[in-house]
Colleague: 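Right, I'll just put the structure down here and ask away after.
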Amino acid sequence: MRAYLLCLLISVFPAAAHAVIAKQDMRPGIPAGAEYLIGERSKPAVLLLHGFLQTREFSTVATLARGLQDAGYTVLAPTLSLNIPNRERSLACEAVHHHSLEQDVDEIGRWVGWLKARGHPTIVLVGHSFGSMQLLAYLSRTPDAAVKGYIGASLIEAQIGMASRPALIAQLENRVLSKRRALVTHALSFCRKYTSTPEGLLSYVRWDEAHVLAALKRSPVEVKLIMGDADDHLGQGWLKALQHIQAPMVIVQGASHFVDGQHEFDLLEHTLDFLEHVRQQGPAR
Amino acid sequence: MKWPDSISIKHIALAFITGLLILVSVIGGFAAYQTRAVTRSLEQHNQNAALSELSAAVERLLSQTEDQAANLAQWDETRQQLVLPEYYTYWRDQRVYESGMLPPRFVRAALYDESGAMLAPSPAKISLPARLPARLPLYQSTSWLVDEGGHIALYHAFPVHNDERRQALLGYGLIRLDFMPALLHHEGLQFTDPASVHLTLKPGEVLAAPALLSRLQFSARPDPDQMRFQTILSRTLLALFVLLVATALLGFVAYNRLLVRPLRRLSQDIDAMQHGRFSTHPSRSQAMRISELENIRRSLYDYQLQLRELHGSLEHQNREFHSQARQDALTGCHNRRAYEEDWEAFRQELKTAPQGVAFLLFDCDRFKAINDTYGHAKGDRVLTIIADALVMALRANDRLYRLGGDEFATFLSRTTPAQAKQIAQRCQSLIDASAFTDLGISEPVGISIGIAFCAADQLEHIDDLPKQADIAMYTAKQPGRNRIALYGEDTERAAQALVASRETNALFQALSTPGMVEMHYQSIHGLPGRQVDYYEALARIRYNDDLIMPDAFLPVISNRRLETEFDLAVLHQVDADLSSGQLPTGIGVSINLSAQSISRPEIVSHLLELSRHNARHPLMLEITETSLITQMTEVRTYLELLRTVHYRIAMDDFGTGYSPLRYLVDLPVDVVKFDISLVNKLGQDNRAGQVVADFARMMSDAGYVLVAEGVESDTVLCKVESLGIAHVQGYLLSRPLPLAKLSANPAGLEAGASALA
């Protein structure tokens, strides 16, 4: 793995003085970047992941990153490549989605390793929305030991609209098995026409509510969910389901899916509480 | 070039209108020229605007293409295709358009790998190069144009890097535009005619984008506002011109009706008036529409009426004047002017209508004596009666002319000598029957008539008739005649008449030529010594070496009333003779003057001047007693004046006149010259001789100095001496001698005596 430290942006703000854009090739010809906000070494490093097709510049994520850095935490906010070299913008629903959840998880793993390589023994994964699900997918595999905690803000499953998920999965699996590489278009998350390779779409479609709840239950690290009770992106009963499995969860009253406005502070506060809790748990295993 | 003396007002109007139309045409032409210039300027402006617009459009298109290329180069999905080209065709045919990166029309895109090879072949209907041209500088964006089967394609190639820092080249992108549709479709060209935009490239030619504009052919779109402006302006100019032409025509018609025609009418009227033609045309009374012209017309009309009245009056007066000018005021018959006019007209008439013509000349016998005796008033009445009688005696169509004084004339047409004589006799009969006694004239008044006749075949002698009648008149007045004489028949002495005519000419020539009057001096002798006391100056006329005697020219003087002129000539000559010194000093000179001359101021003035000779030659004035002195008071005054300068006054021819005693009483007479007829009585031993002798003695006793003239015999001379008459004159003693001979023989007595002997 090659890592690049391409440039340092020095600004008048002290925090910005510790901001670095980190890049590394996720796959051949597919470099990806992440913003590395350097905090106190004594505090856990945070890997902050954006939502569906977004970038680290998404406001909820960017605001939270600045807040965490201000609180002295090192934050690494990557932008998933989605198989696009140096992707820097959110990807359109209709674009050729030539990526899969496995590749996303792989990139998360690479960034965890990048952090670890930078001497951060304690890493807390913080995700927003679909990113929370992708981080949960990473945790469901073989996470790095440095990962000590997980915060899922506005955690959501891979929604596919009104279609039958089993049928879709079966159709996609059929395509994959038959090696039919033609792009498929289907609703995914907030995209009504998500154009993707069959295997890529299939990788996401598998993560339904049950899959997510199971992953939560099997999380190897301490989990905390921060949800908004005004999140209209969530499916009916999702919060109850989360409560049903007794996942540690904070519901911010009045917060939407993007936990924006005044609820940004709630998000930051609850995140800092969890980070402080992790920090107090001690250094890495 | 010569300008006409005057120009018609119509021509002025035509010239004005023509000039106006020319001016309007010039202005219109200038406006059209200016419009054309403005139009060209606008066209040039449009052309420039079109060029600017097209340049901007091209720049926008190129810039837009560059922007699209830049967007494509920076687009994540572009980079994804260069890395993972599995779904490149989807991206190329659908995704780039659905994403809005490229417009769906006229534009196609393709991606090439780092070696310039196309990622995937393009569809058959889309012409895209399989490889990028090797010569292009592909490290940066490059545009070029080529002609592909009549369609101009704009290509824009651009590199695609893996990040914004362009550190790693992923491949290339190529955008192809259908240049013309892309240029013209999206651009709302306002100034450029889209159909005219054209780019011609040679086969295989590659045109770099920067050189595009210089190769682009186009034309400006006609500016609708400009076209509208031109149309409006052209219509306006045309309408203005038509309006002006119509106005000019109407103005000319109105001008013609309101000014030209009335002025022409007035001019014609004035011309007619100038030539004395007074039109009564009804249009004359028609009112004119122009008030000033109407005033002129009215004034002219009134003036014409007044002029017509004046003209009528003048014509009447002219007729009156003409009649009066041809009429003798005294007698009412025609005057000399009428005679001359009628005679000339008659002569002309004779040329076409030959006929026998008689010319009758009437002259009152002894009218001068009557006039002098009874006064002019009665003389005038005599003439009037004579004229009335003659008119009555003449034929109805014959005209009587008073030629002057007591001389009348008429000419008788279509007559014979006998008829003329008959008419003349009738004239005499009527005059003889006239009652002159009613005027207090007791003596008979008659007329002498001279007749000249010209036969129809001798009309070439018609001009001689007046002269012949005059000769006949002379004949008729001869004593013993019956007072009617026909020329040729009764004028035995025609030769004499011719002589008389010569003498008349001599007289008139003498009056106008100094020196022709020659004075002969006859001595007057004192008695009883018979010494020469003084000379009587007697006038002769020297004419062509002949000497014309007084009895030849005195009648002419009397008839022509030339007494004063002749006396002046005599005085001039006497003055010259006295001044010559040829007369012996102390010898006086007696000068004959007519009674009429004594009352003329110029005669008196000359006598006063002549009185300077009195010292050497005592001067005496002899007044003929036979002449009637009508202005006795004036004559007396002048004679007394002359006596103061030592003139002596003599009464000549005493005993033959009308009022001898009165003259002696009223006039300051010093000398009385007995007429020869009285002197001859002295030679007779009878009662008449005794009366004369007694009368002479009585006159001597009264203090008058007596002169007996015409003494031609010794008997008479002795008688004269016996009567105590102081002076004697006559051929017995001397004949009149010219001055030259008188100088040689001052006494003249011997000559006269010898002659008498």
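Numbers restart at 1 for each chain; the letters A, B, ... are given by sequence-line order, proteins then strands.
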Colleague: In terms of heavy-atom proximity below 4.5 Å to chain B, should A:Thr195 be classed as side chain, backbone, both, or neither?
Modeller: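 For A:Thr195, side-chain heavy atoms alone lie under 4.5 Å from chain B.
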Colleague: Under 4.5 Å heavy-atom distance to chain A, tell me which part of B:Arg79 shows up: side chain, backbone, both or neither.
Modeller: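 Both parts, backbone and side chain.
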Colleague: Do you know which of A:Leu82, A:Thr197, A:Leu183, A:Asn83 has the most heavy-atom pairs with chain B at a distance under 4.5 angstrom?
Modeller: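 The option with the most such pairs is A:Leu183.
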Colleague: Of the listed residues (A:Gly33, A:Ser81, A:Gly29), which shares the most heavy-atom pairs with chain B below a 4.5 Å separation?
Modeller: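 Between A:Gly33, A:Ser81, A:Gly29, the count favours A:Gly29.
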Colleague: For the backbone of A:Pro85 and the side chain of B:Asn162, can you confirm whether one donor and one acceptor N or O come within less than 3.5 Å of each other?
Modeller: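 No; judged by distance alone, with no hydrogens or angles, the pair does not exist.
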Colleague: Looking only at non-hydrogen atoms, find the nearest pair between B:Tyr87 and A:Pro198 and report the distance.
Modeller: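 Answer, listing the atom of B:Tyr87 first, then A:Pro198: OH-CD, 4.5 Å.
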Colleague: Top residue by heavy-atom pair count (under 4.5 Å) with chain A, among B:Glu98, B:Glu77, B:Gln81?
Modeller: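 Most pairs with chain A among the choices: B:Glu77.
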Colleague: What distance do B:Gln80 atom CD and A:His98 atom NE2 have between them, rounded to the nearest 0.5 Å?
Modeller: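 Rounded to the nearest 0.5 Å, the CD-NE2 separation comes to 7.0 Å.
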Colleague: Is it the case that over 12 heavy atoms from other parts of the model lie below 6.0 angstrom from the NE2 atom of B:His45?
Modeller: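 Incorrect, the count does not exceed 12.
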Colleague: Taking B:Asp76's backbone N and O only, do any of them form a donor-acceptor pair with A:Arg89's side chain (distance below 3.5 Å, no angle check)?
Modeller: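 Checked: no pair found.
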Colleague: Enter the distance from A:Ile84:CD1 to B:Leu84:CG here, rounded to the nearest 0.5 Å.
Modeller: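 Rounded to the nearest 0.5 Å, the CD1-CG separation comes out at 9.0 Å.
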Colleague: Is it true that, when you exclude B:Arg215 itself, more than 12 heavy atoms of the residues, nucleotides or ligands shown sit nearer than 6.0 Å to its CZ?
Modeller: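 For B:Arg215, atom CZ is crowded (more than 12 foreign heavy atoms under 6.0 Å).
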